[in-house]
Amino acid sequence: MTGAVDGNSDRLYPPTVALAQDAAVAEGVHPAKHVCCVFSSDAQLTALSAEFLRLGLAAGNRLLYVADRPDEGALLADLADLGDVGGLAERGALLVQPVRDAYTKNEVVDPAAQVEAYRRLTEAAVADGFTGLCVAADATALVTGRNARRAFMAYELAVDQFMATAPMQAMCAYDVRVLKRAVLDLVCVHRHQRVPAGVRPGFTMWPGHDGVGVSGEVDVSNAERFRDALDAAVDALSTTAASEMRRRLRIDAADLAFIDAEGTSALVAFSEQAAPDGRIEVADPPRSLRAIVETLGWRERLAFVHREATA
Amino acid sequence: MTLEVGIRRDPHTHGYRHDAFFYSGMDEFIRGTAQFLRDGLAERAAMLVVVSAEKIERLKAELGDGAESITFRDMSEVGKNPARIIPVWQAWVQEQMSAGRPLRGIGEPATPDRRFDELMECARHESFLNIAFEGSEPFWLLCPYDMATLERNVVDEARRTHPSWIADGEGRASDDYVPVDTVAPFSPPLPPLLGSVESVQFIDDEMRLVRELTSKAAQTAGFSRDKEWDLVLAVNELATNSIRHGGGVGTLRVAVEGDRVVCEVSDQGHIRDPLIGRVPPDAAGSSGRGLWIANQLCDLVQLHSTPSGTTVRLTMRA
């Protein structure tokens with residue numbers, strides 16, 4: 001990546017929620033519902049996790065820490081910064097789990113089953129008197145293969161949709177030393193990102209109540225990832241959405257600054273797979289998308305609308 | 001006047017016929033083209049006329065009721081970029097084919113208001129027409145050239161790009177006709193890029209640099225926001241071609257001349273298909289998509305390609 005890629009990012013990317021200690025923590029609401037962190041040292045992972053979980057603790061959440069460690073002792077040791085982790089664990093305020101136990105035993109995660117597992121954990125936390133569930137998870141070990149990553153992108157979108165209305169918050173941490181460039185596949189499906197300068201997926205995708213939203217820029221550098229993310233969105237939609245959502249599928253493109261012809265053809269493929277009539281609405285598209293659809297005659301597939309007019 | 005004299009090929013049995021029509025001044029233009037259209041009416045031909053708005057008005061007045069069954073389109077809208085004209089003819093021929101009527105067309109791309117580089121592309125367009133409609137339905141295309149106002153070399157070029165021509169009511173096969181070099185259709189070099197040139201080399205994750213440089217030039221030249229983004233998109237798509245088909249690396253050079261921006265993308269690719277960017281790309285494949293988009297969005301697209309590399313030059317005016 002070049003330095004210039006970050007030059008304009010304020011305009012192109014939605015603001016990342018600061019995880020500062022002084023951020024408002026009230027009513028069980030965590031300042032960042034679902035944030036992606038990219039780390040490059042074990043110390044960085046434990047510091048980020050402790051920071052995130054501390055906010056959950058202050059909000060009265062039950063905490064869950066998941067990482068690639070051999071046993072519970074090692075996991076608790078990671079969180080020494082939180083204070084009396086033994087005491088927290090004893091009274092059920094802190095759960096820890098090696099990553100291999102927390103997620104699927106299979107190579108590839110099942111998005112629906114995984115969201116269901118978190119639903120039960122969240123309900124249990126509330127039943128036990130907590131305001132909700134706060135998760136810090138390093139899932140790097142589960143996403144080293146491309147297919148596994150694809151499935152995990154779908155899961156990330158599905159769980160984001162779940163968290164939008166449930167008292168659950170999560171920090172998803174990924175090790176850039178292991179994943180290298182592929183870490184961008186996971187970063188791009190998180191609206192809130194805490195990533196080193198230069199780690200930019202170019203676009204960000206998030207689930208909406210009737211489709212997905214996209215911000216940033218899609219071009220030859222990330223068109224393949226964009227296609228993967230849309231495929232993941234198809235899976236996530238089938239996981240979370242009743243048929244009602246599928247009646248009118250919508251792409252919120254108000255914060256999409258640029259998309260090229262490859263990205264647009266991925267949107268057309270998405271409309272074929274995901275929309276019952278092969279046609280999707282695109283709200284507030286950038287000029288480039290309009291021009292591509294005009295010149296390539298794809299008007300039948302993508303219908304442009306104003307977000308305000310039809311919301 | 002009859003236009004059949006001296007023409008050895010019969011369009012009804014030989015399909016496509018492509019004549020230059022050399023005239024001097026508006027009166028001779030009207031006389032010749034009106035006769036051509038009246039002959040077409042007599043044989044119940046489907047007819048499309050693509051000339052200037054002024055000439056359309058004059059022809060409609062001349063033909064009266066006869067003009068009603070003829071389709072007229074303004075060349076300045078259809079063919080500002082001459083590379084957009086062949087798709088218009090092809091779509092029209094496609095549309096008319098099933099009716100089984102003979103087809104007649106008049107297209108006048110080369111007019112004295114055009115800049116030199118545009119006239120060069122008009123000649124290339126005329127030449128590529130011979131490939132686009134080779135072996136097609138009975139289709140007689142007449143291309144008027146005004147000898148009173150056009151430079152001599154433009155008229156000479158028309159003799160090379162048309163298999164036959166008509167002048168003073170007489171038609172003949174052109175001795176100067178040069179068929180398209182289908183092995184190296186884009187071998188002639190481009191004239192040098194003028195003005196102060198900024199450039200950037202790019203690889204796949206530097207498209208933003210490509211867009212930023214283009215965008216800056218468009219703003220310097222006073223483009224509207226929409227035009228700026230159209231040019232940015234066209235350049236982006238050509239740069240994408242460099243990544244996908246041109247060796248994975250390319251160079252963008254940008255020059256601003258007043259209210260005009262010229263952007264040039266060079267890479268190691270080699271283009272041999274003369275009709276690339278002039279036939280609509282199919283939905284599945286990406287072949288020719290970048291050049292098609294550039295042709296649709298830009299005022300002029302020039303192409304130079306040899307086995308050692310390709311340069312595509314885009315021109316757009318505020």
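A, B, ... follow the sequence lines: proteins, then strands. Residue 1 opens every chain.
- B:Arg84 meets the side chain to side chain donor-acceptor pair (under 3.5 Å) test with no other residue; sequence neighbours excluded.
- The two atoms that bring B:Asp204 and A:Ser221 nearest to each other are O-CB, 3.2 Å, heavy atoms only.
- Enclosure of atom CD in B:Glu257 by more than 12 non-hydrogen atoms of other residues, nucleotides or ligands within 6.0 angstrom is indicated.
- Surrounding CZ of B:Arg73 are at most 12 heavy atoms belonging to other residues, nucleotides or ligands under 6.0 Å away.
- With chain A as partner, the option from B:Ile203, B:Ile243, B:Asp230 having the largest number of non-hydrogen pairs under 4.5 angstrom is B:Asp230.
- Residue pairs satisfying the ring-ring contact (aromatic ring centres under 6.0 Å, His included) criterion with at least one member in residues 213-232 of chain A, sequence neighbours excluded, are listed as follows: A:Phe203-A:Phe226.
- Listed by chain and residue number, A:Val143, A:Arg146, A:Ala182, A:Asp185, A:Leu186 satisfy the side-chain contact (heavy atoms from CB on, under 4.5 Å) test with A:Arg149 (two or more places apart in sequence, or in another chain).
- Within 6.0 Å of atom CD in B:Gln94, 12 or fewer heavy atoms from other residues, nucleotides or ligands are found, so the atom counts as exposed in its surroundings.
- Put simply, CD on A:Glu262 and CD on B:Glu237 are 7.5 Å apart, with the number rounded to the nearest 0.5 Å.
- Contact of the A:Leu296 side chain with the B:Pro281 side chain is registered, since non-hydrogen atoms from C-beta on lie closer than 4.5 Å.
- Listed in order of number, the residues of residues 295-318 of chain B that approach chain A to under 4.5 Å between heavy atoms are B:Gln296, B:Leu297.
- For the pair B:Leu233 and A:Ser288, the tightest heavy-atom approach, listed with the atom from each and the gap, is CD2-O, 3.7 Å.
- B:Thr240 is not listed as a side-chain neighbour of A:Asp219, based on a closest heavy-atom distance of 4.5 Å or more.
- The side-chain heavy atoms of A:Arg287 and B:Glu228, taken from C-beta on, include no pair separated by under 4.5 Å.
- Within a 6.0 Å sphere centred on CD of A:Glu300, heavy atoms belonging to other residues, nucleotides or ligands number 12 at most.
- Here the shortest heavy-atom pairing between B:Arg289 and A:Ala261 reads NE-CB, 3.6 Å.
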Salt bridge (charged side-chain N to carboxylate O under 4.0 Å, His left out) between A:Arg181 and B:Asp205, intermediate numbers included
CA-CA 12 Å; A:Arg181 263 190 91 85; B:Asp205 64 0; 3.8 Å; yes
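- The minimum heavy-atom distance linking A:Phe258 with B:Val232 is given by the pair CE1-CG1, 4.3 Å.
- Residue contact with chain A, scored on non-hydrogen atoms closer than 4.5 Å, involves the side chain of B:Asn236 exclusively.
- Contact annotation: the side chain of A:Glu217 never approaches that of B:Met207 to less than 4.5 Å [non-hydrogen atoms, C-beta and beyond].
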